[in-house]
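So the structure is just underneath, and the comments pick up after that.
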Number of protein chains: 2
Amino acid sequence: MARSGTTKKVTRIQREKTEAILNAALDVFSKHGFRGSTIDMIATNAQLSKPNILYYFDSKETMHAQLLERMLETWLEPLEQMSGDGDPVNEICGYVQRKLEMARDYPRESRLFANEILQGAPHIIDQLSGPLRALTDRKAVVIQRWIDEGKLSPVDPYHLIFSIWSTTQHYADFDVQVQAVLGDAKNLRFEQAQVHLDTMFRALLTRD
Amino acid sequence: MARSGTTKKVTRIQREKTEAILNAALDVFSKHGFRGSTIDMIATNAQLSKPNILYYFDSKETMHAQLLERMLETWLEPLEQMSGDGDPVNEICGYVQRKLEMARDYPRESRLFANEILQGAPHIIDQLSGPLRALTDRKAVVIQRWIDEGKLSPVDPYHLIFSIWSTTQHYADFDVQVQAVLGDAKNLRFEQAQVHLDTMFRALLTRD
DNA sequence: GAATTTCCTGACCAGTTGGTCAAGATTATG
DNA sequence: CATAATCTTGACCAACTGGTCAGGAAATTC
């Protein structure tokens, strides 16, 4: 039985299989979207039978929901880290770098998220207008303070954040397109992106 | 019979229904992705019966392919318009504005494209590494020339173009998220974005 | 090493979906 | 207005898909 509310013993096998399944599910969901994925595809990827998958997870939705939940945490983390104490430009550019590294190292998570948002965020709309909005509001205040203190060129904090999200995630979500246009190897593409984005946001934040 | 290669009479009804169907299909495909859409959904949206849809289009794939084809043309147009003759900064910022207007006025097309790319661009990979790449190469040369002539701050032309694509399309593809965070009305959001993006790219292109 | 619990699977089911088809309805045409 | 061409649909089909279940296989426990 899939683990439900009450806390009970979690066996070794449960831990391993659950992990393997979620990993396979992330592979499949991020590549085909929720409706484009079948439990059989996930089963094949995880090298398990379909009923075996459903032994650990009540339904396709459950797997998807759990993946989204996990992802949201790691997704917010880099922004959380942006401290109001450090040097404004470095703090923001540091955030850009962390976000770009996430796009490079966790492209599946990024695509899972992109898929969800594209479909209108049916499963996470509450987290968007709740925690995400709250966090963004908080950081926007910090950025605005920096601007007021003259440490940063005036920018709309919210749209600055949007620009960071879009430009960095682009390298994960639209990777096929980037590769089709550039042709370069993945590592090279990300090194170029790193330089470019740093240049761009530095220019925006430190113009006179 | 769906119109195939040979040129033959196209009746009034054919023109009207085909158009209505493609419009409905765009609605549905952009909202649910290819696999998430059913012919029945399209039929309902177009106020036609399912077999009637299949009278005009051989298959679900045919509709999808035709929509993608159409979309790619209009998608490339704004970039084509960027002239090597005008003022560099204005030409590029003009492109940004046109692209943002497209995101505002044709969000369905933008999402259709985003869905396709996210899934690995299975149907349009050739157009990406063919026409799109060729066009991008051509414009990159122009931008590089401007830089060499000292009319533009040094930037990687390709990544500049990527940044334009990502930031503008973000307002169509991630609209739900933008709205969840900002809350403002659509028109207001786009006006803010317009100012912000103009500021950002101007700063990048004209720094000393 | 036997009992108990956990784990696994083949067979199966019901609902969905892309697509077909024969026959009738509508529209254009001479 | 008759005839041909085009258009429309209800009924139907096969493949797919999410999910169930009874019973057997492994693992764990005592």
Listed partners of [X] passing salt bridge (charged side-chain N to carboxylate O under 4.0 Å, His left out), at least two apart:
X	answer
A:Asp137	A:Arg133
A:Glu16	A:Arg12
B:Arg98	none

Short N/O separations, protein against nucleotides 9-11 of chain C, under 3.5 angstrom:
from, atom 1, to, atom 2, distance (Å)
C:dT9, OP2, A:Ser49, OG, 3.0
C:dT9, OP2, A:Asn52, ND2, 3.4

Give the rounded distance in Å between these two atoms: [atom1] of [X] and [atom2] of [N].
X	N	atom1	atom2	value
A:Arg15	C:dT6	CZ	C1'	14 Å
A:Phe57	C:dC8	CZ	C1'	16 Å
A:Lys17	D:dA27	NZ	C1'	11 Å
B:Ile42	C:dT17	CD1	P	12 Å
A:Arg12	D:dT29	CZ	P	11 Å
B:Gln47	D:dT8	CD	C1'	15 Å
A:Leu54	D:dC21	CG	P	12 Å
B:Asp58	C:dT20	CG	P	8 Å

* Exam field: side chain B:Lys186 to backbone B:Gln179, donor-acceptor pair closer than 3.5 Å -> no

* To do: Give a yes or no on whether the backbone of A:Gly84 and the side-chain of A:Arg145 come within a donor-acceptor separation of less than 3.5 Å.
  =>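 Yes, because the side chain of A:Arg145 sits within donor-acceptor range (under 3.5 Å) of the backbone of A:Gly84.
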
* Asked: Which pairs with one or both residues in residues 68-105 of chain A pass ring-ring contact (aromatic ring centres under 6.0 Å, His included), sequence neighbours excluded?
  -> A:Trp75-A:Phe113, A:Trp75-A:Trp165

* Asked: Which nucleotide, C:dT6, C:dG19, D:dG18, lies nearest any side-chain atom of A:Lys60?
  ->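 So the side chain of A:Lys60 is nearest to D:dG18.
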
* Counting only side-chain N and O atoms of B:Gln14, is one of them less than 4.0 Å from OP1 or OP2 of D:dC7? ->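 Yes, such a contact exists.
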
* Using a cut-off of strictly less than 4.0 Å, decide whether A:Thr11 has a side-chain nitrogen or oxygen near OP1 or OP2 of C:dT5. =>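 Looking at the OP1 and OP2 atoms of C:dT5, neither is under 4.0 Å from any side-chain N or O of A:Thr11.
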
* **With A:Glu191 via side chain to side chain donor-acceptor pair (under 3.5 Å) - residues at least two apart** => none

* Could you list by number each residue of residues 21-40 of chain B showing a heavy-atom separation from DNA chain C of less than 4.0 Å, or answer none if no residue does? => B:Ser37, B:Thr38, B:Ile39

* Sequence neighbours left out, what pairs pass side-chain hydrogen bond (donor to acceptor under 3.5 Å, both in side chains) with at least one residue falling in residues 43-54 of chain B? =>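 As it turns out, the side-chain hydrogen bond (donor to acceptor under 3.5 Å, both in side chains) pairs with a partner in residues 43-54 of chain B, which skip direct neighbours, are B:Asp27-B:Asn45.
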
* To do: Among residues two or more places apart or on two chains, list those pairs meeting salt bridge (charged side-chain N to carboxylate O under 4.0 Å, His left out) that have a residue in residues 161-175 of chain A.
  => A:Asp175-A:Arg189

